[in-house]
A.B. asks: 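I'd like to ask some things about the structure below.
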Amino acid sequence: MSVPDYMQSAEDHQTVLVVVQPVGIVPEDQFFKIYKRIASVSQVSIRDSQRLLYIRYRHHYLPENNEWGDFQTHRKVVGLISITTCASAKEWPQTAERFHGQKEVYSSTLYDSRLLAFGLQGEIAEQQRTDVAFYPSFEDCSDVEKRVEDFVESIFIVLESKRLDRATDKSGDKIPLLCVPFEKKDFVGLDTDSRHYKKRCQGRMRKHVGDLCLQAGMLQDALVHYHMAVELLRGVNDFLWLGAALEGLCSASVIFHYPGGTAGKAAGRKPSISQPADAGKRHRPGALTANGISADTSTEIGRAKNCLSPEDIIEKYKEAISYYGKYKNAGVIELEACVKAVRVLAIQKRAREASEFLQNAVYINLGQLSEEEKIQRYSILSELYELIGFHRKSAFFKRVAAMQCVAPTIPEPGWRACYKLLLETLPGYSLSLDPKDFSKGTHRGWAAVQMRLLHELVYASRRMGNPGLSVRHLSFLLQTMLDFLSDQEKKEVTQSLENYTSKCPGGMEVITLPDGLKLPPVPFTKLPIVRSVKLLNLPVSLRPHKVKGLLGQNMSTASPFIYSPIIMHNRGEERCKKIDFQWVQGDVCEVQLMVYNPMPYELRVENMGLLTSGVEFESLPAALSLPAESGLYPVTLVGAPRTAGNITVNGYHTSVFGVTSDCLLEGLPSVKTGGCLVEVIPSLPRLQLSTSLPRSAHTPQPMSKEELSSTVSVQLFNGETQQLTITLENIGSEDIETLELTSKIVSTKEKVFGEFLSWELDEPLSHLPLKSGQAVTLTVNIKVKLDFSGQENLLQDLNDDGISVTGLPISSPLRQVLKPRPENKPVSSESGKAEYSHIKSLEAVLNFKYSGGAGKVEGYYRELSLGVHVDVEPSVFFTRVSTLPATSTRQCYLLLDIFNPTEHELTVTAKNNQDLVLHASECQRMAIQVDKFDFESLPQPDQETARFTNPKQLEEERQHAQGCQINSKLGICWSIISFQWLHVWQSYDRESSLSRSWLDRQ
């Protein structure tokens, strides 16, 4: 016997073997359909008996295995069921002859046989025959199972007669010597009358009778016979048959202890009559039954005495296997015994001992096996290791079986079978084909073995002619094993991947194998590795703003309460997801990713873009090249939402090494993100401005550079006016329907008098709505009006003796006794000159607020800011103001000491007065004859207003009104002759208060 039956189990020893075979040409599907119905009759309750007969069916059985039927009777073919098709009566004789030929093959052991003939009708079919059953068709055969049961009962009758015949002690008759095939030549010439020979014959016959008893359902008798056989055979050192007797004893004990079976396939096996259904609740000797009568325990006593304990079963199996191992020709018997012992140990959950039996089975030499038999052997070893929980060992043998499928000696290697077996090894090596399983915690399994297995899957799929499968497995290898690959291996794997993808690009589709297994897509989340994802707000000039009066329109008013914990909780969850800024429909939006390249060489990423949901979004893919092991590297992905609503950034897509990947953020727990949900509002127009003044890099404080679209810079003298021309162009797709302009001075160090920035907006507004591509101009006047007064102590006093006072050829009554000095006096010191030449800065922001399109309907607008930076140079300073009485009591003289801090010649004029020419850094006195001021005529605030207004503010307003009255009467101007500029100077509060105080004293 050269071919082992790896599906054998201990309980198979109590079955009788029936072979089911076709006769002639029978459709395969119809044959197995009938075979399945026949095999469903696996146990039959014998009439007029309390015993069950178990049947094992085979559709293929080697006749040489049948020769071992005397050694173990469950290997003997005792029944034959033939299935044939016969369309006409002419074919019947030939069919009957073929059936007779099949019976001849197993004639030496056959108890009974049946022929099931399909398709024959007529006179022959109407004959009543016990060995043939006629059916008109494969569909019209309702009593097949009943026929099989009758057939099994006939087998039982023969079996029982043989058991009774051989169990009867006929001391006068000579007991034949039962032999296995390879023993027959060894017994030629032996003394058949010796005591040793007779005991051998008796022992072997006892063992044979034990087999028959076990098959006939008499477990107790079988145990007794096996024990007797063991004693007899041990005495004559008949080791082969002693091993068989021990194995029979083990099988009978297993059947007693485990009525459900050990192979897993006999889960529906009913407990035998000799093994009660309540065997788990067996009575102790002398125990009472429910009705108080003592149960008959003789059977239990005998069984308990003869039956092996679970521990003894394994010991006897070891002993039997050791005896089998003495015989080279008993390798199959030894291997099958190991398999049976392993199944028993699996039930007992003794995995380590089971592995010892399997290890022994690995080294059993069965001679020259075919490649198919080797594959079967390794596959069964794998299943048995899996049965006892040795998953990695199971995977090892299954992988060996896979390699055997494509051995060099096979003319046509079975790459598909190899690939299928390799897939089955994955769980044993803690390997899954789903990349999501590798993103959870630490790596499981031996990475080196896993990489080897994945390489074998790649090669097998390529040899199968499926490059798409090769790409998927190679992508999986690169994604999941990247941390374990050396630099050289990374280079080799990526080169192989590029070669494969040049023929079959990799994608994100699920690959379904012929057996239904689905291979999920493998996104390259590590090429490159993304550490953070941040949605960026629009530039300040493009950010939408909500009209303040409409902010509360969308708020929920479902609850009348100010505070609701449920609402707050929901809002909190919403905040965790939704970002507090908005994007605008049609505008380019940005998402920043911090990525790095883990590869030891430059990584080229093509077609990298965003994956979104919620609104229609046009992603603008980017291509990037990351240097080797680059570290964190910022990458900005852009796109434009085409509709309004809420948009969620779900991830990004890439194309690396020819593999397209969709990388979802939910599968990347290590990626940091501040939220991925943002609101997209309806489209708004876009405004672009250009100016007549040069741009400046200076940014007004405290504003940031991002808040301003641009900044202009200009340098003016104090009191000078400059025009700024601004061109506004609509560069968006929506019409500009509204436009507002405001200004704000952001520098507070210097006090500005009057309007710093002024404009007329009526002309630009008349061009609204401004279509796309159209432009409009706006003129803004920049008027610099700072304090013209100077500190008196920074200049030496003017000498009134002989001084030329323009417009007043008299000396001042406020003359002080000082040392004589020149008429034109320069600045007394360098520090004073530096103080008067100090350049001051003014900064302001022009804010354009505009809206239009669908965004305006929803209450949104945009703001565009222009920074204005003005450097103010000093023009003239008034260092002293005093008065003198005039000839008329209604008038007086205003004396002004004027200093020119510039480097140019400067002319000062006033109403009804001569021009005063001042050279650079020169100081002179100017007298102006003016009417006395009447401040009582100025409007006074009412008592109600005065009561609720700050006194300091009231005083400032009063001084401002008085200053304006003085300014209108003086009309002092200055001009730089070389520039031919004319500037208007207006006196300010300091001068106004001095003049008023003097007028009050007159």
Side-chain angles (χ1 to χ4, degrees), residues 434-436 438-440 471-472 475-476 478-480 482 494 497-498 501 505-510 520-538 576-579 581 583 585 587-599 602-627 629-643 645-680:
D434 191 347
K436 294 179 181 178
F438 285 81
S439 61
K440 304 171 184 176
V471 170
R472 179 59 51 87
S475 302
F476 183 85
L478 191 58
Q479 167 69 17
T480 59
L482 186 64
T494 53
L497 184 58
E498 288 179 322
T501 54
M508 290 297 294
E509 67 280 357
V510 176
V522 182
F524 277 157
T525 59
K526 293 184 178 180
L527 295 172
I529 297 176
V530 177
R531 281 296 177 222
S532 66
V533 175
K534 181 181 180 182
L535 276 66
L536 301 181
N537 201 350
L538 293 172
C576 292
K577 300 177 182 178
K578 197 169 185 179
I579 301 177
F581 58 75
W583 284 349
Q585 174 187 345
D587 284 4
V588 174
C589 307
E590 298 179 335
V591 177
Q592 187 182 70
L593 281 67
M594 297 301 294
V595 305
Y596 75 89
N597 172 21
M599 304 299 280
E602 184 183 38
L603 179 66
R604 294 186 58 83
V605 183
E606 301 174 357
N607 194 32
M608 191 172 188
L610 295 172
L611 297 174
T612 62
S613 62
V615 303
E616 183 182 346
F617 186 82
E618 180 184 358
S619 179
L620 305 177
L624 57 142
S625 179
L626 297 175
E629 299 175 350
S630 60
L632 284 180
Y633 188 89
V635 174
T636 302
L637 301 180
V638 299
R642 294 305 177 192
T643 56
N646 288 329
I647 184 172
T648 302
V649 177
N650 299 318
Y652 59 94
H653 62 81
T654 61
S655 179
V656 182
F657 304 127
V659 178
T660 302
S661 303
D662 291 344
C663 306
L664 300 179
L665 297 182
E666 63 181 7
L668 301 173
S670 60
V671 174
K672 296 179 181 179
T673 176
C676 297
L677 177 64
V678 66
E679 180 185 3
V680 179

A.B. asks: Return the NZ to OG1 distance between Lys436 and Thr480, rounded to the nearest 0.5 Å.
C.D. replies: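 Taking NZ in Lys436 and OG1 in Thr480, the distance rounds to 15.5 Å.
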A.B. asks: When you measure from the side chain of His653 to the backbone of Asn607, do you find a donor-acceptor pair of N or O atoms at a distance under 3.5 Å?
C.D. replies: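 Yes, the answer is positive, given that a donor and an acceptor are paired below the 3.5 Å cut-off.
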A.B. asks: Any side-chain heavy-atom pair from Asp662 and Pro521 closer than 4.5 angstrom?
C.D. replies: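 Asp662 does not reach Pro521 side chain to side chain.
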A.B. asks: List the atom of Ser475, the atom of Leu497, and the distance in Å for their closest heavy-atom pair.
C.D. replies: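 Result for this residue pair: OG-CD1, 3.9 Å.
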A.B. asks: Pair Thr525, Ser661 - check side-chain contact (heavy atoms from CB on, under 4.5 Å), show working.
C.D. replies: CA-CA 8 Å; Thr525 59; Ser661 303; over 6 Å; no
A.B. asks: Report the C-alpha separation of Leu626 and Tyr596 in whole Å, then their side-chain angles, then the decisive distance to 0.1 Å, and conclude whether the side-chain contact (heavy atoms from CB on, under 4.5 Å) test is met.
C.D. replies: CA-CA 7 Å; Leu626 297 175; Tyr596 75 89; over 6 Å; no
A.B. asks: Distance-only, no hydrogens or angles: does the Trp583 side chain make a donor-acceptor pair with backbone N or O of Ala640 under 3.5 Å?
C.D. replies: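 Checked: no pair found.
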A.B. asks: Yes or no on side-chain contact (heavy atoms from CB on, under 4.5 Å) for Val656 and Leu603, after CA distance, side-chain angles and deciding distance?
C.D. replies: CA-CA 8 Å; Val656 182; Leu603 179 66; 3.8 Å; yes
A.B. asks: Mark yes or no for whether Gln585, through its side chain, and Arg642, through its backbone, hold a donor-acceptor pair below 3.5 Å.
C.D. replies: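 Flag set: sc Gln585 to bb Arg642 pair under 3.5 Å.
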A.B. asks: Could you tell me whether a side-chain N or O of Thr643 sits under 3.5 Å from a main-chain N or O of Glu616, the two making a donor and an acceptor?
C.D. replies: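 Yes, the answer is positive, given that a donor and an acceptor are paired below the 3.5 Å cut-off.
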A.B. asks: Closer than 3.5 angstrom, by distance alone: can the side chain of Arg472 be matched with the main-chain N or O of Gly507 as a donor-acceptor pair?
C.D. replies: yes
A.B. asks: In this structure, which one of Thr612, Val638, Val533, Thr636 forms a side chain to side chain contact (heavy atoms under 4.5 Å, CB included) with Val591?
C.D. replies: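 So, applying the side chain to side chain contact (heavy atoms under 4.5 Å, CB included) to Val591 and each of Thr612, Val638, Val533, Thr636, only Val533 qualifies.
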A.B. asks: Could you give me the CA-CA distance, side-chain angles and deciding distance for Val530 and Cys663, then say whether side-chain contact (heavy atoms from CB on, under 4.5 Å) is met?
C.D. replies: CA-CA 10 Å; Val530 177; Cys663 306; over 6 Å; no
A.B. asks: Does some side-chain heavy atom of Phe524 sit less than 4.5 Å from a side-chain heavy atom of Leu478?
C.D. replies: yes
A.B. asks: When you look at CZ of Phe438, are more than 12 heavy atoms from neighbouring residues, nucleotides or ligands closer to it than 6.0 Å?
C.D. replies: yes
A.B. asks: Judged by atom type as modelled, is there a donor-acceptor pair below 3.5 Å linking the side chain of Thr501 to the main-chain atoms of Phe657?
C.D. replies: yes
A.B. asks: For a quick test of reading the model, state the closest non-hydrogen atom pair linking Val522 to Pro435 and the distance between them.
C.D. replies: CA-CG, 4.1 Å
